[in-house]
Amino acid sequence: FVAKVWEWKEDHGNQIKEQLERLGASCDWTRARFTLDEGLSRAVRHVFVTLYNEGLIYRDLAMVNWCPRCGTAISDIEVEYKDTEGKLYLIDYPVVGDERRLTVATTRPETMLGDTAVAVHPDDVRYQSLVGKQVALPLTSRTIPIITDAILVDPEFGTGVVKITPAHDKNDYEAGMRNELPRIQVIDEAGMMTDAAGALFAGLDRDAARIAVVEALQSQGLLREVKAHQHSVAYCGKCDAVVEPMISRQWFVRVEALAQPALEVVRSGRVEVLPESWLSTYYNWMENIHDWCISRQLWWGHRIPAWYCDCGEMIVSEEPPASCPSCSQDTLRQETDVLDTWFSSALWPFSTMGWPEKTADLQAFYPTDTLITGFDILFFWVARMIMMGIRFTGVPPFRRVFLNGLVRDEHGQKMSKSRGNVIDPLVIVDEYGADALRFTLAILTSGRDIPLARSRIEGYAAFATKIWNATRFALMHIEQDLQSAKPILRDELNAVERWILSRLNTATAEVNRALSNFRFDEAANRIYQFFWHEFCDWYIEMSKPVLSGRHGDRAAQEKAKRVLLEVLDRSLRLLHPFMPFITEELWQKLGAREPSIMIANYPLAEEILEDAGAEAVIQTIQQIITLVRTLRLERGFAPKDRFRLNLTIPDQRDAQFFQSNAYLLLELARLSVVTINESVRDDAYRDSIDGLEIAIEFPEKVLTEEQVERVARDIEKLEQDLAATEVQLENEKFVGRAPAAVVQQVRDKRQDLMARLEKLRQNAGGNAS
RNA sequence: GCGGGGUUAGCUCAGCGGUAGAGCAUCUGCUUUACACGCAGGGGGUCGUGGGUUCGAAUCCCUCACCCCGCACCA
């Protein structure tokens, strides 16, 4: 059996490794470790024995969560509680030597066979005369006492009478201890009724027993009522069977002493937990922590290093003892229980480094910087690593924990085979590429859920194609490669070039900031936005006239190539962590300076690249281009139709600038001619952008009603905006209390609105004649 | 019951005190020689409810409603 499990482990371990490799995880695979490797097993034994000797591990009889399907005890956090529609059975227990009957309520009638008392609240006047008497336990020959218990019984609930089954319920177990009640086990480890349940029921499984008990009670007229009842039922986290509370001898860790320092390092910030919203969850759990049941009745795992002797002696030791220290007998039996898998996982940060030896690896790699994992194993793994790390090395195993969300389907539903909404990463990699998947995951990690939608992956696969094509375009023009590229002298650059470098610089700063804040979504979004909508949509188009030689001289062309190369180089490096494969490929095509983009420097913002002036002026040009494009489409003109555009610019220097950059307007807005400060036809379309008067001479064309309405609507909208700004500026409180910059902003806005309105009104009434 | 998160465009989500954003979807036009996995342009939101703070609130505070996730309880 164990050999088969090893086979399974090989299969699945390899699958996981393949998934990681194909996603481009750049790990040192020679250091791959498994918790059952010998080195780690030694660490496990060492920790176990140490904690045992300190009294932090103990073996005792206790009420544990038992999974009858798995045949093992499980820990509290492996139990999943689900609200379940069940039934509440009201059963009459006849009082001995009395006409009366006590009615108890239960959701698990089969457990009544193991009742050893019924309890009422000590202050409950209804039952005071009965306390101390006995009831005849139906379906059995036993009589059990009527006792009082203030902790167990809520007189308000049900009939105020509680049946006590100390062997099969956690609260009843405790009540049984308080009142020194006997415990009768009526359900065994397999979920079958024991002989103690009586001849009628012994051998039935617990579900069949429930039906049989209810029928038997009914036939004796003792079943008073059955009502629908919603309550939470405990299920096994692994196999989904209903968990059976069971008294059993198990091994436990006394966690409280370990939890205190683990709380302290987080409270003091020595270990940072991100996002911060998880802090209170962590505190809440650690402050209310219960002993951890670590023994499992399974075949697979670290076998507990304890040996038993027939004489009753137990030896806990890292290595098998030769003989019993008490009676010298050498026929010792090792504990057959194995450890909870999370026990060895808790030691991972140092057990993988050769601990307890003080190895060089331990020195170099412990503690580590950041742990990134899913929030679902915060308690299972993260908290326990912190506890064990502090206890055994003196320092927490990492300085920061980043908890990422869990991948769901596109509607936020948990992926499951039965829902049929599982997305296999390898299938996605085959279909869309690892880069697209990684980018999508990065951009979606903003919250607790990662709603992975195919449409989303498709979109970012298109982005990868876009990057490919943009680089292809660059390579058509670039002869020089990255290795021999001359540095760019900023003074030689034109406005468009200074603009794109400034925009890239802003993006670079924002990406770096987002990454240091663990906002992978913001970082990915920012690169996407820059690369596609600024670099491709605008810069490449604006550089085409120069690159193709239609505008400017050879020197200008060379410069444009160098800028193109520079922007691509930086963009690819910025993108590399998100899309490692395509960026490596393209970077090499550009003539890499390093053997791999992986080891190239990650771009940092440089103040010298900032250029607010270039950004402002290019933005104005973009607005003019967009205006022309919009009007062209709305007025029903074809892309090939060309118009004359005139700009009225009072400032001499500005006029010169727009004159020399008129080619941008000409090409991108597809104009026939751009003039500055010349007269235009009376029927030209008028507007105003950033203080520039704009006039476009469309060919004579009768405007449709719709187009006339459009002009009217634009004017109406502007009038509303203007009215709103005026109200604001007339408000003395606003002008008095708002920051000066904000007030100025509104004043500028009013100015701009007034200028536009004046121009647009000239268009009103149609310009067809 | 305790704790946390959420409610923003058709869908999935950013934004968290100064004029509502993205991807996808949708509509219109386009063989503009990098890309139709594209280009250009557009439409679409009283930012869950009610109140408060503020010159100003999707953004801060309170109320309520609904949803999700932990934990505890459930005779």
Side-chain angles (χ1 to χ4, degrees), chain A residues 76-77 81 83 86 88-91 103-108 118-119 152-154 157-165 169 171-172 229-233 275 277-281 283-285 288 375-376 378-379 406 408 410-412 432 436 440 443-444 446-456 458-477 519 521-522 525 528-529 533 536-537 540-541 544 548 625-626 629-634 636-640 667-668 670 721 724-725 728 731-739 741-743 745-746 749:
Chain A
D76 291 349
I77 53 177
Y81 291 91
D83 277 343
L88 190 65
Y89 301 85
L90 301 186
I91 304 168
T103 306
V104 300
T106 181
T107 54
R108 303 196 55 200
V118 293
L152 183 68
V153 185
D154 171 8
F157 189 96
T159 57
V161 185
V162 184
K163 65 190 265 314
I164 301 180
T165 321
D169 180 275
N171 289 313
D172 290 6
H229 181 65
Q230 217 203 19
H231 62 137
S232 135
V233 175
S277 58
W278 287 107
L279 276 175
S280 50
T281 305
Y283 294 146
N284 202 18
W285 190 69
N288 298 294
F375 68 77
D376 55 331
L378 175 60
F379 303 149
L406 263 38
R408 313 272 180 176
E410 58 194 300
H411 298 293
Y432 303 102
T440 309
I443 221 160
L444 292 176
S446 52
R448 281 183 191 211
D449 292 336
I450 302 176
L452 191 58
R454 270 179 180 267
S455 62
R456 212 64 203 248
E458 255 168 59
Y460 297 117
F463 180 48
T465 309
K466 188 75 180 178
I467 299 163
W468 184 270
N469 281 316
T471 308
R472 215 158 54 94
F473 169 80
L475 288 168
M476 282 169 43
H477 294 278
R519 287 301 303 265
D521 59 323
E522 274 179 13
N525 244 323
Y528 179 97
Q529 188 62 30
H533 298 305
C536 291
D537 288 351
I540 288 186
E541 294 309 316
K544 278 177 182 175
S548 68
I625 291 166
T626 299
R629 285 169 173 171
T630 307
L631 288 167
R632 177 199 307 278
L633 198 64
E634 279 184 353
F637 292 105
K640 62 180 191 310
E667 295 230 3
L668 273 72
R670 306 191 132 226
D721 285 357
T725 51
Q728 213 174 354
N731 183 344
E732 284 169 26
K733 285 178 178 173
F734 171 71
V735 179
R737 297 191 197 179
V742 173
V743 176
Q745 209 178 313
V746 177
K749 185 183 164 188

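We use all heavy atoms of the structure for the numbers below, so side chains are in, but hydrogens, waters and symmetry mates are not.
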For this session: Please measure how far the P atom in B:U31 lies from the corresponding atom in B:A40, and state the result in whole Å.
Result: 16 Å
For this session: Whole angstrom is fine here: how far is it from CD in A:Glu522 over to C1' in B:G21?
Result: 13 Å
For this session: Looking at every strand, decide which applies to A:Arg519 at a 4.0 Å heavy-atom threshold: base, sugar-phosphate, or nothing.
Result: sugar-phosphate
For this session: Please determine, for B:A40, whether a Watson-Crick or G-U wobble partner exists with both distances under 3.5 Å, and give it or none.
Result: B:U28
Exercise. C1' atom, B:G44 versus B:U26: distance in rounded Å?
Worked result: 9 Å
Exercise. Under 4.0 angstrom, heavy atoms only, what part of the nucleic acid is A:Lys749 near: base, sugar-phosphate, or nothing?
Worked result: base
Exercise. Of the candidate nucleotides B:U19, B:U32, B:G23, which contains the atom at the shortest distance from the side chain of A:Arg456?
Worked result: B:G23
For this session: Select base, sugar-phosphate, or nothing to describe what A:Thr159 touches, counting heavy atoms under 4.0 Å on all strands.
Result: nothing
Problem set entry | Short side-chain donor-acceptor distance under 3.5 Å, A:Tyr432 and A:Arg454 | yes
Exercise. Taking a pair as Watson-Crick or G-U wobble with both distances under 3.5 Å, which nucleotide is matched to B:C64?
Worked result: B:G48
For this session: Any strand is fair game: report the nucleotide pairing with B:A9 by Watson-Crick or G-U wobble, both distances under 3.5 Å, or none.
Result: none
For this session: Sticking with atom P, work out how far B:A57 lies from B:U19, rounded to a whole angstrom.
Result: 12 Å
Exercise. Should A:Glu541 and A:Cys536 count as side-chain neighbours, where that means a heavy-atom distance under 4.5 Å?
Worked result: no
Seminar exercise, completed: Rounded to whole Å, CG of A:Leu452 lies from P of B:C13 at a distance of 12 Å
Problem set entry | Whole-Å distance separating the CG atom of A:Leu444 from the P atom of B:A22 | 17 Å
Exercise. Say you pick atom C1' in B:A65 and the same atom in B:G48; how far apart are they, in whole Å?
Worked result: 8 Å
Exercise. Counting side-chain heavy atoms from CB outward, which of B:C73, B:G18, B:G3 is closest to A:Ala738?
Worked result: B:G18
For this session: Would you check if A:Trp285 and A:Leu378 make a side-chain contact, meaning some heavy-atom pair closer than 4.5 Å?
Result: no
Exercise. If each of A:Ser280 and A:Ala638 is mapped to the nucleotide of RNA chain B with the nearest heavy atom, which maps nearer the 5' terminus, i.e. the 5' end?
Worked result: A:Ser280
Exercise. Say you pick atom C1' in B:G52 and the same atom in B:C64; how far apart are they, in whole Å?
Worked result: 15 Å
Exercise. What is the distance from CG of A:Asn525 to C1' of B:C24, rounded to the nearest Å?
Worked result: 13 Å
Exercise. A:Tyr528 ring centre to A:Lys466 NZ or CZ under 6.0 Å, with the angle to the axis within 45°?
Worked result: no
For this session: Classify the nucleic acid contact of A:Tyr283 as base, sugar-phosphate or nothing, counting any heavy atom under 4.0 Å across all strands shown.
Result: nothing
Problem set entry | Separation of B:G23 P from A:Ile450 CD1 (nearest whole Å) | 20 Å
Short N/O separations, protein against nucleotides 33-39 of chain B, under 3.5 angstrom:
{"residue": "B:A34", "atom": "OP1", "partner": "A:Lys544", "partner atom": "NZ", "Å": "3.0"}
{"residue": "B:A34", "atom": "O2'", "partner": "A:Asn469", "partner atom": "OD1", "Å": "3.4"}
{"residue": "B:A34", "atom": "O2'", "partner": "A:Arg472", "partner atom": "NH2", "Å": "2.5"}
{"residue": "B:A34", "atom": "N7", "partner": "A:Lys544", "partner atom": "NZ", "Å": "3.4"}
{"residue": "B:A34", "atom": "N6", "partner": "A:Cys536", "partner atom": "O", "Å": "3.3"}
{"residue": "B:A34", "atom": "N6", "partner": "A:Glu541", "partner atom": "OE2", "Å": "3.4"}
{"residue": "B:A34", "atom": "N3", "partner": "A:Asn469", "partner atom": "O", "Å": "3.2"}
{"residue": "B:A34", "atom": "N3", "partner": "A:Ala470", "partner atom": "N", "Å": "3.3"}
{"residue": "B:C35", "atom": "O4'", "partner": "A:Asn469", "partner atom": "ND2", "Å": "3.4"}
{"residue": "B:C35", "atom": "O2'", "partner": "A:Asn469", "partner atom": "ND2", "Å": "3.1"}
{"residue": "B:C35", "atom": "O2", "partner": "A:Lys466", "partner atom": "NZ", "Å": "2.8"}
{"residue": "B:C35", "atom": "N3", "partner": "A:Lys466", "partner atom": "NZ", "Å": "2.8"}
{"residue": "B:C37", "atom": "O2", "partner": "A:Thr465", "partner atom": "OG1", "Å": "2.4"}
{"residue": "B:G38", "atom": "O3'", "partner": "A:Lys466", "partner atom": "NZ", "Å": "3.0"}
{"residue": "B:C39", "atom": "OP1", "partner": "A:Lys466", "partner atom": "NZ", "Å": "2.7"}
{"residue": "B:C39", "atom": "OP1", "partner": "A:Trp532", "partner atom": "NE1", "Å": "2.6"}
{"residue": "B:C39", "atom": "OP1", "partner": "A:Asp537", "partner atom": "OD1", "Å": "3.3"}

For this session: Go through the N and O atoms of the side chain of A:Thr281 and the base of B:C69, and report whether any donor-acceptor pair is under 3.5 Å.
Result: no
Problem set entry | Exam field: side chain A:Arg632 to backbone A:Arg670, donor-acceptor pair closer than 3.5 Å | yes
For this session: Could you work out which one of B:G42, B:C30, B:G4 sits closest to the side chain of A:Pro639?
Result: B:C30
Problem set entry | Span that lies between the C1' atom of B:G18 and that of B:G3, in whole angstrom | 34 Å
Seminar exercise, completed: The residue, A:Asn731 or A:Thr630, whose nearest nucleotide of RNA chain B is more 5′ is A:Thr630
Exercise. Tell me, do A:Tyr81 and A:His231 make a side-chain contact under 4.5 Å, heavy atoms counted?
Worked result: no
For this session: Please report, rounded to the nearest Å, how far the P atom of B:C24 is from the OH atom of A:Tyr528.
Result: 5 Å
For this session: Determine the Euclidean distance between corresponding C1' atoms of B:G17 and B:C47; express it in Å to zero decimal places.
Result: 15 Å
Exercise. Got A:Trp278 and A:Arg448 here, is their nearest side-chain heavy-atom distance under 4.5 Å?
Worked result: yes
For this session: Look through every strand shown and name the nucleotide pairing with B:C2 as Watson-Crick or G-U wobble, where both distances are under 3.5 Å.
Result: B:G70
Exercise. Between A:Asn731 and A:Lys733, is there a donor-acceptor pair closer than 3.5 Å when you use the side chain of the first and the backbone of the second?
Worked result: yes
Problem set entry | Nucleotide B:U28, atom C1' - distance to CZ of A:Phe637 in whole Å | 16 Å
For this session: May I ask you to test the A:Val162-A:Val118 pair for a side-chain heavy-atom distance under 4.5 Å?
Result: no
Seminar exercise, completed: Here the distance between atom C1' of B:U32 and atom CD1 of A:Ile625, to the nearest Å, is 14 Å
Exercise. When you compare B:G6 with B:C16, how far apart are their P atoms, in angstrom units rounded to a whole number?
Worked result: 13 Å
For this session: Would you check if A:Thr103 and A:Ile91 make a side-chain contact, meaning some heavy-atom pair closer than 4.5 Å?
Result: no
Exercise. Of the nucleotides B:G29, B:C73, B:U19, which one has an atom closest to the side chain of A:Leu633?
Worked result: B:G29
For this session: Could you please name the partner base of B:A20, counting Watson-Crick and G-U wobble pairs only when both distances are under 3.5 Å?
Result: none
